[in-house]
Student: 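To start, I am sharing the structure in question, which I have written as structure tokens.
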Amino acid sequence: MVSTPHRRSPHHRGIKRTRKVKILATLGPASRDKETIAKLMKTGADAFRVNMSHGDHETHSETIANIRAVEKDLSRPVAILCDLQGPKLRVGEFKDGKVFVRHGAHFTLDSDPTPGDETRVCLPHPELFGLLEKGQRLLIDDGKLRFTVIKPEKDKILCTAEVGGEISNRKGVNIPDAIVPVPALTEKDRRDLAFAIKEGADWIGLSFVQRPEDVAEARRLMGGYGALMAKIEKPAAVQSLDEIIELSDGIMVARGDLGVELLPEEVPPIQKHIIEKTRAFGKPVVVATQMLESMITSPTPTRAEVSDVANAVYDGADAVMLSAETAAGQWPVEAVAIMDRIATQVECDKTYRERIHLAETPPDATTADALSASCATIADTLPIEGIIIFTGSGISARRVARERPSAPMLVLTPSMNTARRGALLWGAHTVLTKDIGSFEEMIAKGKRMALRHGFGAAGSRLITLAGVPFGVPGSTNLLHVVTLSGNELATPK
């Protein structure tokens, strides 16, 4: 069944997308003012990322306040993801700021804080000495320089430069062949996490996850507030993927560092594997990094970048992300506009429905999953304009989204936290509304909200999904098909 734009009601208000995949845009110097945020939302952004690696708390607080002001103006819940920096390993400094290491030359990383030269530099991470073994790889500056360990000692590591080049102060270090004994949360991350929770962030991005324990520690510090998105950017995380997904609320395929530590040709199949696994768990999955990289300086993307975005949409990702393109690029609004056009075009492709269902998501043996699967089946069988989901926690919406139904979802919730988090959920249009108390009220409110938000007109059929008794989390047990008369907004509320 081909996804087509749904009919617009004359009563429609706020922003409604016909696109099901979501767009997550990073804010920064080029885009964090209210005017640009409003343009980005109107153009297609559904959620915003605040990168804690750059800027200070005062700046981030102002950015978050601007997002919330625009959210109120445009009457559309928007998700804010605060992305923690994580434990980035770096070399020390050089006498002249930089050196050139020749191909095949020997180079030593040691614990001596003296400024380095073309033969050595300080590695200010004592936990790495004694960890590395002969033959293991050590990558510097996003893999631009590649070293192999020849002789590891307790206070220095002698390497040979397989790929040499220029290296300057404080460049990043990647160690792909070992689990590095550093916590996923540095002291800075802990401060940033406390700040993000205080500011009301909906999602926390956990960087450089290596093991399930990293996710558990972040969860403990969050104290039950917010949703946790684990970023998969280390080979070790791929090895423990099931456990990490289970402990997380969502997953990000962070292809930047993942592409440094793995061979480039290994990243695409791993990306597909992560998307498929996360979808099977019924949790949102975001594909990120370098999606429209050339648009940092160019008003148009390369054809390869367009294909990259399209492939993530065909794979059924919940969201695609823009990084520097919107944070610091010259064309932030245009980048969102092009991403919106690519995703919309893909979803109108007659093979799209078939492709996103290549990944199997068999329902669990629960009433909620059986009804969620039924929603998708009914939407494929009847001309359904929308699936109305009443939810407090958002669990019902996630289970329906997991099925990737052909009809869009109108998610009605009394919880603003649930409404905002749903902005990263595939196919979900979330609306904050008062709770319901009876079956009759549910049907009446569902019809009114459908008309008000552009989900059909007179004669349109809709599916309603809820749980009785109302207001009890995890009680989804009711599915009902209704037909709009078109005059529901004229009746008393």
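Hydrogens, waters and symmetry mates play no part in the numbers below; they use all other heavy atoms, side chains included.
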Student: Could you check whether any side-chain N or O of Arg68 sits under 3.5 Å from a backbone N or O of Val78, counting only pairs where one atom can act as donor and the other as acceptor?
Tutor: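 Such a contact is found between Arg68 side chain and Val78 backbone.
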Student: Counting N and O atoms only, with roles assigned by atom type, does the side chain of His60 sit under 3.5 Å from a partner on the main chain of His54, one being a donor and the other an acceptor?
Tutor: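 It does hold such a pair.
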Student: Closer than 3.5 angstrom, by distance alone: can the side chain of Ser415 be matched with the main-chain N or O of Thr418 as a donor-acceptor pair?
Tutor: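 Yes; judged by distance alone, with no hydrogens or angles, the pair exists.
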Student: Got a salt bridge between Asp189 and Lys88, using NZ or NE/NH1/NH2 to carboxylate O under 4.0 Å?
Tutor: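 Lys88 and Asp189: not salt-bridged.
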Student: Name the one of Asp46, Val286, Val320 that satisfies side chain to side chain contact (heavy atoms under 4.5 Å, CB included) with Lys22?
Tutor: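 Only match with Lys22 under side chain to side chain contact (heavy atoms under 4.5 Å, CB included): Asp46.
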Student: Just how far is it from atom CG of Leu410 to atom NE2 of His453, taken to the nearest 0.5 Å?
Tutor: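 Reported to 0.5 Å precision, the distance equals 6.5 Å.
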Student: Please list, chain by chain and in numerical order, all residues satisfying salt bridge (charged side-chain N to carboxylate O under 4.0 Å, His left out) with Glu243, sequence neighbours excluded.
Tutor: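 Partners of Glu243 under the salt bridge (charged side-chain N to carboxylate O under 4.0 Å, His left out) test: none.
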Student: Can you run down the salt bridge (charged side-chain N to carboxylate O under 4.0 Å, His left out) pairs that involve residues 410-429, sequence neighbours left out, and say none if there aren't any?
Tutor: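 Residue pairs with at least one partner in residues 410-429: Glu71-Arg420.
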Student: Show the nearest heavy-atom pair for residues Val287 and Ala317, with the distance to one decimal.
Tutor: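 Val287 and Ala317 have their closest heavy atoms at CG2-CB, 3.9 Å.
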Student: Let me know which of Thr63, Leu40, Thr26, Thr326 forms a side chain to side chain contact (heavy atoms under 4.5 Å, CB included) with Phe48.
Tutor: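 Single pass found, and it is Leu40.
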Student: Would you mind listing every salt bridge (charged side-chain N to carboxylate O under 4.0 Å, His left out) that reaches into residues 404-416, with sequence neighbours excluded?
Tutor: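 Checked against salt bridge (charged side-chain N to carboxylate O under 4.0 Å, His left out) - neighbours excluded - the pairs reaching residues 404-416 are Asp318-Arg404.
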Student: Of the non-hydrogen atoms in Leu84 and Leu193, which two are nearest, and what is the gap between them?
Tutor: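 Taking every non-hydrogen atom into account, CD2-N, 3.9 Å.
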Student: Tell me, please, which residues at least two apart from Leu432 pass side chain to side chain contact (heavy atoms under 4.5 Å, CB included).
Tutor: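 Partners of Leu432 by the side chain to side chain contact (heavy atoms under 4.5 Å, CB included) criterion, ordered by chain and then number, come out as Met416.
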Student: Checking Thr476 against Ser396: is there a side-chain donor and acceptor pair closer than 3.5 Å?
Tutor: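 Result is yes, a qualifying pair exists.
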Student: Under the criterion side chain to side chain donor-acceptor pair (under 3.5 Å), I'd like the reasoning laid out for Asp380 against Ser406: C-alpha separation, chi angles, the key distance, then a yes or no.
Tutor: CA-CA 6 Å; Asp380 280 342; Ser406 55; 3.1 Å; yes
Student: Short question: side chain of Asn174, backbone of Glu261 - any donor-acceptor pair under 3.5 Å?
Tutor: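 It does not hold such a pair.
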Student: Apply side chain to side chain contact (heavy atoms under 4.5 Å, CB included) to Glu217 and list each qualifying residue two or more places apart in sequence or on a separate chain.
Tutor: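 Glu217 satisfies side chain to side chain contact (heavy atoms under 4.5 Å, CB included) with Leu185, Arg190, Arg220, Leu221 only.
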Student: Answer whether the closest heavy-atom distance between the side chains of Ser374 and Leu465 falls below 4.5 Å.
Tutor: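 They are not in side-chain contact.
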Student: Could you list the residues that satisfy salt bridge (charged side-chain N to carboxylate O under 4.0 Å, His left out) with Arg32, not counting sequence neighbours?
Tutor: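 With sequence neighbours excluded, Arg32 shows a salt bridge (charged side-chain N to carboxylate O under 4.0 Å, His left out) to no residue whatsoever.
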Student: Taking CD in Glu62 as the centre, count heavy atoms belonging to other residues, nucleotides or ligands within less than 6.0 Å. Is the count above 12?
Tutor: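 Counting other residues, nucleotides and ligands, CD of Glu62 stays at 12 neighbours or fewer.
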Student: Determine whether Ile388 and Ile463 make a side-chain contact, defined as any pair of heavy atoms from C-beta on separated by less than 4.5 Å.
Tutor: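 Not in contact.
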Student: Between the main-chain N or O of Gly86 and the side-chain N or O of Thr186, is there a donor-acceptor pair closer than 3.5 Å?
Tutor: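 No, because the side chain of Thr186 does not come within donor-acceptor range (under 3.5 Å) of the backbone of Gly86.
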Student: What's the shortest heavy-atom distance between Met295 and Pro299, and which atoms?
Tutor: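 Answer, listing the atom of Met295 first, then Pro299: CE-O, 3.3 Å.
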Student: Keeping the roles fixed (side chain from Arg49, backbone from Ala25), state whether a donor-acceptor pair exists under 3.5 Å.
Tutor: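 A pair under 3.5 Å: no.
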Student: Are any non-hydrogen side-chain atoms of Phe439 and Leu478 less than 4.5 angstrom apart?
Tutor: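 The answer is yes; the side chains approach within 4.5 Å.
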Student: Taking only residues two or more places apart in sequence or in another chain, which ones pass salt bridge (charged side-chain N to carboxylate O under 4.0 Å, His left out) with Asp364?
Tutor: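 Asp364 satisfies salt bridge (charged side-chain N to carboxylate O under 4.0 Å, His left out) with Arg399 once adjacent residues are dropped.
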Student: Filter on salt bridge (charged side-chain N to carboxylate O under 4.0 Å, His left out), then keep only pairs touching residues 320-345, sequence neighbours left out; what's left?
Tutor: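 Listed by first then second residue: Arg19-Asp340.
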Student: Please enumerate all residues that pass side chain to side chain contact (heavy atoms under 4.5 Å, CB included) together with Ser61, with sequence neighbours excluded.
Tutor: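 With neighbours one apart ignored, the set is Phe195, Glu199.
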Student: For side chain to side chain donor-acceptor pair (under 3.5 Å), just list the numbers for Arg191 and His57, CA-CA rounded to whole Å, side-chain angles, deciding distance to a tenth of an Å, and then say yes or no.
Tutor: CA-CA 10 Å; Arg191 291 192 302 272; His57 285 182; over 6 Å; no
Student: Kindly compute the distance separating CG (Leu462) from NZ (Lys447), expressed to the nearest 0.5 Å.
Tutor: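 So the CG of Leu462 and the NZ of Lys447 are separated by 9.0 Å.
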Student: Mark yes when over 12 heavy atoms from residues, nucleotides or ligands other than Gln345 sit less than 6.0 Å from its CD; otherwise mark no.
Tutor: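 At most 12 heavy atoms, drawn from other residues, nucleotides or ligands, come within 6.0 Å of this atom.
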Student: Give a yes or no answer on whether the side chain of Ser248 reaches the backbone of Ile244 with a donor-acceptor pair at less than 3.5 Å.
Tutor: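 Checking the backbone N and O of Ile244 against the side chain of Ser248, a donor-acceptor pair under 3.5 Å is found.
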Student: Within the structure provided, determine whether Val346 and Cys348 are in side-chain contact (heavy-atom separation under 4.5 Å).
Tutor: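 They are not in side-chain contact.
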Student: Looking only at heavy atoms, what is the nearest atom pair of Pro87 and Pro183, with distance?
Tutor: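 Taking every non-hydrogen atom into account, CG-O, 3.3 Å.
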Student: How long is the straight-line distance from CG of Leu258 back to OG1 of Thr289, given to the nearest 0.5 Å?
Tutor: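 Going from the OG1 atom of Thr289 to the CG atom of Leu258 covers 9.0 Å.
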Student: Could you list all the salt bridge (charged side-chain N to carboxylate O under 4.0 Å, His left out) pairs where at least one residue sits in residues 268-290, not counting sequence neighbours?
Tutor: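 Output for this query lists Asp242-Lys277, Lys272-Asp315.
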Student: How many angstroms lie between atom CG of Asp33 and atom NZ of Lys39, to the nearest 0.5 angstrom?
Tutor: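 Output value for this atom pair is 8.0 Å.
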Student: Just wondering, do Tyr314 and Ile356 contact through their side chains at under 4.5 Å, heavy atoms?
Tutor: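 A side-chain contact under 4.5 Å is absent here.
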Student: Do any N or O atoms from the side chain of Thr433 and from the backbone of Pro414 form a donor-acceptor pair under 3.5 angstrom?
Tutor: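 No; judged by distance alone, with no hydrogens or angles, the pair does not exist.
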Student: Look up atom CD in Glu305 and atom CE in Met339, then write down how far apart they are to the nearest 0.5 Å.
Tutor: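 It comes to 9.5 Å.
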Student: Specify the closest pair of heavy atoms between Ala310 and Ile342, including all atoms of both residues, with the distance to one decimal.
Tutor: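 Nearest heavy atoms, Ala310 then Ile342: N-CG2, 3.9 Å.
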Student: Answer whether the closest heavy-atom distance between the side chains of Glu385 and Pro383 falls below 4.5 Å.
Tutor: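 No - every pair of side-chain heavy atoms lies 4.5 Å or more apart.
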Student: If you take all heavy atoms of Pro363 and Ala373, which pair is closest and at what distance?
Tutor: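 Between these two residues, the closest heavy atoms are CG-CB, 4.3 Å.
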Student: Please answer whether the main-chain N or O of Ala237 pairs with a side-chain N or O of Ser240 as donor and acceptor at a distance below 3.5 Å.
Tutor: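 Not confirmed, Ser240 side chain does not pair with Ala237 backbone.
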Student: Does any N or O in the side chain of Asp369 come within less than 3.5 Å of the main-chain N or O of Ala365, such that one atom is a donor and the other an acceptor?
Tutor: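 Checking the backbone N and O of Ala365 against the side chain of Asp369, no donor-acceptor pair under 3.5 Å is found.
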Student: Please test Gln271 against Arg255 for side chain to side chain donor-acceptor pair (under 3.5 Å), starting from the C-alpha separation and ending with a verdict.
Tutor: CA-CA 8 Å; Gln271 173 178 315; Arg255 303 172 313 168; 3.0 Å; yes
Student: side-chain contact (heavy atoms from CB on, under 4.5 Å) between Leu228 and Leu247: does it pass, once the steps are laid out?
Tutor: CA-CA 9 Å; Leu228 180 61; Leu247 288 169; over 6 Å; no
Student: For the OG atom of Ser460 and the CG atom of Leu484, what is their distance to the nearest 0.5 Å?
Tutor: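 Rounded to the nearest 0.5 Å, the OG-CG separation comes to 5.5 Å.
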Student: Which residues satisfy the salt bridge (charged side-chain N to carboxylate O under 4.0 Å, His left out) test with Lys188, sequence neighbours excluded?
Tutor: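 Partners of Lys188 by the salt bridge (charged side-chain N to carboxylate O under 4.0 Å, His left out) criterion, ordered by chain and then number, come out as Asp192.
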Student: Can you list every pair that meets side chain to side chain donor-acceptor pair (under 3.5 Å) and has a residue in residues 203-213, with sequence neighbours left out?
Tutor: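 As it turns out, the side chain to side chain donor-acceptor pair (under 3.5 Å) pairs with a partner in residues 203-213, which skip direct neighbours, are Asp83-Ser207, Ser207-Lys231, Arg211-Asp214.
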